[in-house]
Amino acid sequence: MRLTNYFLPTLRENPKEAQIPSHLFMLRAGLMKQSSAGIYSWLPLGLKVLKNIEEIVRLEMDRTGSQEMLMPTIQPAEIWRESGRYEDYGKEMLRIVDRHDRDMLYGPTNEEMITDLVRTTIRTYKDLPKNLYHQQWKFRDEVRPRFGVMRGKEFLMKDAYSFDLDREGAIRSYNQMFIAYLRIFKQMGLKAIPMKAETGPIGGDLSHEFLVLADTGESEVFYHKDILNFNVPNDEIDYSSDLQMIVDEWTSLYAATSEKADQSVHSELAESLMTARGIEVGHIFYFGTKYSKAMSASVADSNGNSRYLEMGSYGIGVSRLVGAIIEASHDEKGIIWPESVAPFKVGIINLRKDDSLCVKESDLLYSAIGDAGLSVLYDDRDESGGAKFANMDLIGLPWQVIIGPRGLKEGQVEVKNRATDQKQSVPLGAVLNVLLGR
Ligand code: 5CA
């Protein structure tokens, strides 16, 4: 992509409303634009990151055996009346009346809708277990939307729902999601700690939140310092095997959000207790038959007896993750994208638009890098070098290739790694090897 053709409305000044780095950089780097309080348009650069995050989530969810689908954003009120949550959910729910005076709502979550779907389609234990997920926009009319995508009104969530015949099966499903979450966040360069959590309006008695430590996080968290040394299962993980031992290890040390904090444990832990702030990027729930009972979702077991489905739900804040990744990875100049989610892998800076050799070599490198399968943003604008450097650092692409007349005299360009700030002079013919890590 040539920057002269790209829609990238960056800001020179710091927007007043941004109180934390991710909000500031998402606005300044032209990732998104506010439409109204807590509601944003995703601009081309921001959407690329969002899609990359979605894809990491998708691949890992698919590996667990969960299947992707897509449910609507607008839901009928009836199913929420059945579960009893229509009134309980309160003002956070955006209620809508259609032209036939039917009560509808913009979904804040999908337990009712999926339970309704499954009760009319799954009839016997032979169809179990099932785990279904989607990545769909949600709406919660938050009293205080703030920090940009961190607490939005409209936000993208991955929500998965598991259905099992018995509690044992449901715990197996829960464990699969627990491990998948550890792996998903790691692939985004994040260290997320599972913590005991309140179940709130979703319900149930077993629940973990996954928190990324950050000073700007909304939650106060407490944990045993050694939990940071636990290993995240690698690519060899077999989701059909017994995962209980791994979950037991991860839950063997104390970790809790402030709502679940236990003061007596705190005094016991003494020096080993860490207090910090965190961003909740995921939340998993086992709630058994809460919805299946209320909504009569049952199957016949092997003896022909009717049994209510055992359920869990598993959320990831996909749009919030864009902010969380920036909180975890930035400096004073801008964003530092981990390669796995970066909107482009490489940025090319041509320092001299008026120098025909610079233009020619920049054009050639742009084609060669693209042909090698690397996504590349080419700053071919007629701007000062300083402005281009600042812009490239702000948008945070992992690699920068800087082309100027002085280097070209020796057949060299500069390759800079955004994360390490390391710069090296590289012969034109070797640029691809450096970028491809060869
Ligand atoms: N039905 C369950 C799990 S599918 C559920 O709704 N869980 S939740 O309420 O915890 O939301 C799941 C995730 O969505 C949270 O962990 C958080 O990362 C994200 N999230 C929740 N509210 C917001 C919000 N207002 N803005 C951005 N992300 C949010």
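Indexing begins at 1, ligand by ligand and atom by atom, following the structure's order.
Ligand 1 places these atoms under 4.0 Å from at least one heavy atom of V149: 27 (C). Per-residue contacts place E111 under 4.0 angstrom from the following atoms of ligand 1 (heavy atoms of the residue considered): 1 (N), 2 (C).
Among protein heavy atoms, atom 17 (C) of ligand 1 sits closest to R320 NH1, 3.5 Å. Residue, atom and distance of the protein heavy atom nearest to atom 27 (C) of ligand 1 are M150 O, 3.4 Å. Given atom 6 (O) of ligand 1, the protein heavy atom at minimum distance is R140 NH2, 2.8 Å. Residue, atom and distance of the protein heavy atom nearest to atom 11 (O) of ligand 1 are M157 CE, 3.5 Å. Looking from atom 22 (N) of ligand 1 to the surrounding protein, the closest heavy atom is F155 CZ, 3.5 Å. Atom 5 (C) of ligand 1 has I202 CD1, 3.7 Å as its closest protein atom, hydrogens excluded (heavy atom only). For atom 13 (C) of ligand 1, the nearest protein heavy atom (residue, atom name, distance) is G317 N, 3.9 Å.
Residues D379 and R2 are not paired through a salt bridge, judged by the lack of any N-O separation under 4.0 Å between the basic side chain and the carboxylate. A salt bridge links E82 with R119: at least one charged nitrogen is closer than 4.0 Å to a carboxylate oxygen.
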With ring-ring contact (aromatic ring centres under 6.0 Å, His included) as the test, would you mind laying out the steps for H208 and Y181 before giving the verdict?
-> CA-CA 11 Å; H208 286 91; Y181 277 34; over 10 Å; no
Run the numbers on F222 and H266 for ring-ring contact (aromatic ring centres under 6.0 Å, His included), then give the verdict.
-> CA-CA 8 Å; F222 305 93; H266 290 190; 4.5 Å; yes
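Comparing E280, K158, H283 by heavy-atom distance to atom 15 (C) of ligand 1, the nearest is E280.
Side-chain N or O atoms of S298 include none that pairs as donor or acceptor with a backbone N or O of Y308 at under 3.5 Å.
Residue D159 places no N or O, backbone or side chain, under 3.5 Å from any N or O of ligand 1.
Side-chain contact between L436 and L374: present, with at least one pair of heavy atoms (C-beta onward) separated by less than 4.5 Å.
A cation-pi arrangement is not found for K138 relative to Y106, the charged atom failing to lie both closer than 6.0 Å to the ring centre and inside a 45° cone about the ring normal.
Within the 4.0 Å heavy-atom cutoff, G282 counts among the residues contacting ligand 1. Using a 4.0 angstrom heavy-atom cutoff, L321 does not count as in contact with ligand 1.
Annotation for Q424: atom CD counts as buried by contact number, over 12 foreign heavy atoms lying within 6.0 Å.
Here K153 has no heavy atoms under 4.0 Å from ligand 1, in either its backbone or its side chain.
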